[in-house]
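Below: the structure, in structure tokens.
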There are 2 protein chains.
Amino acid sequence: MKGSNCKICEDKSCAVSVLNKNQLDILNNNCVESKVKKGEIILRAGAMVSHIIYLRTGYVKEYVVCENDKSKILQIIKHHSYLGLHSLFGDKINHYSYSALEDLKICYIDVNIFNQFIKEKGDFAYEVLAYVSRESLNNFFRFINQSNKRINGRFADVLLYFSEKIFNNLSFNFLLSRQELADLIGVSRENTARVLSKFEADRIINISGKNIEILKIDLLKKISKNG
Amino acid sequence: MKGSNCKICEDKSCAVSVLNKNQLDILNNNCVESKVKKGEIILRAGAMVSHIIYLRTGYVKEYVVCENDKSKILQIIKHHSYLGLHSLFGDKINHYSYSALEDLKICYIDVNIFNQFIKEKGDFAYEVLAYVSRESLNNFFRFINQSNKRINGRFADVLLYFSEKIFNNLSFNFLLSRQELADLIGVSRENTARVLSKFEADRIINISGKNIEILKIDLLKKISKNG
DNA sequence: TATAAAATGTGCTATAAATCACAAAGAGTA
DNA sequence: TACTCTTTGTGATTTATAGCACATTTTATA
């Protein structure tokens with residue numbers, strides 16, 4: 001399915017934004033757009049890296065399934081992001097799985113072209129580096145929070161993470177089931193329900209279906225701070 | 001303290017290894033070697049990134065001190081590594097602190113020269129990318145383990161991490177106090193003592209002072225797997 | 001629209017790990 | 001060597017969270 005053109009694409013990544021017309025032509029010839037339906041798995045942990053996958057629109061969950069069948073969701077990825085980029089530069093094996101939280105548009109980019117740009121165009125390499133570094137820092141920040149805080153603090157953190165980093169809004173449809181939310185935060189499904197009920201009873205948030213609205217963000221920040 | 005020469009340095013990073021003679025000369029003119037005593041803080045979280053710091057010899061701990069005065073050790077870094085490289089490409093502020101677990105040799109490299117190499121030399125950029133990606137994956141792997149396993153599994157993991165990733169030996173002086181080990185694993189100091197005693201009583205490991213020897217690595221792997 | 005299946009909420013119980021309290025062992029110093 | 005200070009080890013207690021059981025709601029499907 002080839003229809004769009006990288007040159008006029010509105011969803012360019014930071015890195016692709018530094019390419020010139022000629023390079024965008026090359027990219028265009030080595031880039032295939034595709035649609036993914038909600039719930040579909042885009043990429044599976046353990047698979048060889050064959051293409052770079054770029055998320056044009058929609059939300060994706062990055063996760064692993066452990067030996068004991070428990071899942072851990074590492075992060076929610078939003079549009080204009082690469083999926084599993086860090087695996088490209090190491091052992092060429094994907095380390096996490098990716099599935100669509102809603103209908104998506106993605107692009108498959110030829111690995112060789114991507115590497116060629118990195119090696120030939122310093123600006124491009126720099127932007128990719130910035131991207132990987134930023135992602136690493138963000139995820140580690142959440143990791144530190146998770147390992148030092150108790151359940152209320154973690155929920156406050158994740159609600160702020162959704163609001164400030166993912167949806168950029170105090171009100172958002174958070175796309176995940178309770179079980180998935182539990183897997184993201186690292187608590188049991190039952191306690192996920194309990195904490196959300198408690199937060200709603202205290203009028204910190206308002207829940208209607210899958211939609212959450214943050215009512216008292218200052219209190220949430222306080223809970224996050226106190227752990 | 002300028003005495004060594006980048007050209008003949010035995011401790012070159014992967015990235016610096018791809019530089020040519022001329023570039024090594026440039027590096028040499030913008031690189032200052034320094035010694036750090038055990039216990040000294042090399043870099044503090046919150047500080048602006050002024051130089052790239054390269055760890056030539058010795059072990060370093062990467063950590064954060066949280067608001068509640070609790071510390072979290074993120075990783076142990078061994079020789080031939082960069083400290084806080086991911087912060088260079090983002091907001092230019094260090095996000096973690098680094099202190100010496102033993103006497104070290106480090107190099108301060110001018111940020112501009114480093115960036116220049118990235119932009120002008122694709123191989124170099126690629127190696128830096130590979131480095132940042134690899135580190136990110138390693139740390140995340142440990143993060144996933146920590147959040148899905150209980151205390152015995154975590155200890156098994158950290159012992160295997162020391163043995164396989166850090167010291168490359170079944171017997172090693174692990175440099176950390178019990179409190180630091182607890183901060184690395186994310187458990188209490190008391191339970192750190194208890195688990196180590198238990199493992200020693202079961203003859204899985206042998207402890208003498210700060211030295212640990214792994215006696216039953218297969219059993220340790222089994223404990224790691226079972227969580 | 002009815003029915004089955006899945007997801008969610010909630011009280012109760014079990015349990016893993018933190019915390020407390022203090023003893024013992026080491027390290028550093030006069 | 002004696003004394004202090006720090007680190008480490010271990011039992012008893014507390015606490016946070018997981019797990020269980022089951023009711024309720026929501027979603028999917030015939």
Side-chain angles (χ1 to χ4, degrees), chain A residues 37-39 61 66 68-73 99 101-102 145-158 173-202 204-212 223-224 226-227, chain B residues 37-39 61 66 68-73 101-102 145-158 173-202 205-212 223-224 226-227:
Chain A
K37 283 271 165 216
K38 180 177 177 176
K61 69 168 179 177
C66 299
N68 53 7
D69 274 343
K70 282 184 183 174
S71 292
K72 174 78 193 167
I73 296 181
S99 78
L101 292 173
E102 52 181 3
N145 279 348
Q146 274 192 32
S147 60
N148 271 329
K149 290 179 186 176
R150 289 206 305 282
I151 199 163
N152 287 319
R154 291 195 202 179
F155 271 88
D157 275 340
V158 94
N173 180 318
F174 73 103
L175 305 169
L176 304 175
S177 70
R178 293 291 193 271
Q179 181 64 64
E180 287 176 313
L181 187 57
D183 291 340
L184 175 65
I185 299 174
V187 299
S188 67
R189 182 191 63 75
E190 292 91 330
N191 278 330
T192 299
R194 267 186 274 265
V195 174
L196 288 182
S197 299
K198 180 69 168 45
F199 277 13
E200 186 167 39
D202 293 348
I204 298 170
I205 57 173
N206 191 40
I207 305 174
S208 49
K210 283 246 175 297
N211 202 78
I212 287 189
I223 295 171
S224 161
N226 294 340
Chain B
K37 283 270 164 218
K38 180 178 175 174
K61 69 168 178 176
C66 299
N68 52 6
D69 274 344
K70 282 185 182 171
S71 291
K72 174 79 195 168
I73 296 181
L101 291 172
E102 54 183 2
N145 279 348
Q146 274 192 33
S147 59
N148 271 330
K149 289 180 186 174
R150 289 206 305 284
I151 198 161
N152 288 318
R154 292 195 203 178
F155 272 87
D157 276 338
V158 93
N173 179 319
F174 72 102
L175 304 169
L176 303 176
S177 69
R178 293 290 192 273
Q179 180 64 64
E180 287 175 313
L181 188 57
D183 291 339
L184 176 65
I185 299 173
V187 299
S188 67
R189 181 191 63 75
E190 293 91 330
N191 279 332
T192 298
R194 267 186 273 263
V195 174
L196 288 181
S197 300
K198 180 70 169 42
F199 278 13
E200 187 168 40
D202 295 346
I205 57 173
N206 191 38
I207 306 174
S208 50
K210 283 247 175 296
N211 202 79
I212 287 188
I223 295 172
S224 160
N226 293 340

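Just so you know, these numbers come straight off a predicted model, no measurement behind them. Every chain is numbered from 1, with letters handed out A, B, ... down the list of sequences.
Scanning all heavy atoms of the two residues, the minimum distance from A:R154 to A:I185 falls at NH1-O, 3.2 Å.
The nucleotide range of DNA chain D contacted by chain A, defined by atoms under 4.0 angstrom from heavy atoms of the protein and reported 5' to 3', is D:dA16 to D:dC20.
If you check every strand for non-hydrogen atoms under 4.0 Å, A:G186 touches sugar and phosphate atoms only. Looking at heavy-atom distances under 4.0 Å, B:E190 makes contact with a base. At the heavy-atom level, A:K198 lies nowhere under 4.0 Å from the strands shown. Within 4.0 Å (heavy atoms only), B:S188 reaches at least one base atom of the nucleic acid.
Distance CZ (A:R178) to C1' (C:dG9): 9 Å, rounded to an integer number of Å. Rounded to whole Å, atom C1' of C:dG9 lies 14 Å from atom CD of A:Q179. When rounded to the nearest whole Å, the span between CZ of A:F199 and P of C:dG9 equals 14 Å. Straight-line distance from the CG atom of B:D183 to the P atom of C:dA17: 17 Å, rounded to whole Å. The separation between A:I151 atom CD1 and C:dA18 atom C1' is 16 Å, rounded to whole Å.
Here the side chains of A:I207 and A:L196 are in contact, with some heavy-atom distance below 4.5 Å. Proximity of B:N206 to B:E200: side-chain heavy atoms (C-beta onward) are separated by under 4.5 Å at one or more points. For the pair A:S71/A:E180, no side-chain contact is recorded, criterion being any heavy-atom separation below 4.5 Å from C-beta on.
When atom types are taken as modelled, the side chain of A:R178 and the backbone of A:R189 share no donor-acceptor pair closer than 3.5 angstrom. At distances below 3.5 Å, at least one donor-acceptor pair connects side-chain atoms of A:K149 with backbone N or O atoms of A:S224.
Using a 4.0 Å cut-off, some side-chain N or O of B:K70 falls inside it from OP1 or OP2 of C:dT19. Residue A:K210 places none of its side-chain N or O atoms closer than 4.0 Å to OP1 or OP2 of C:dA7.
For B:N191, counting side-chain heavy atoms from C-beta on, the closest listed nucleotide (C:dT8, C:dA16, C:dA18) is C:dA18.
Each of B:L181, B:V158, B:I151 was checked for a side-chain contact (heavy atoms from CB on, under 4.5 Å) with B:V187, and the lone residue meeting it is B:I151.
Between A:R194 and B:R189, it is B:R189 whose nearest contact on DNA chain D lies nearer the 5' terminus.
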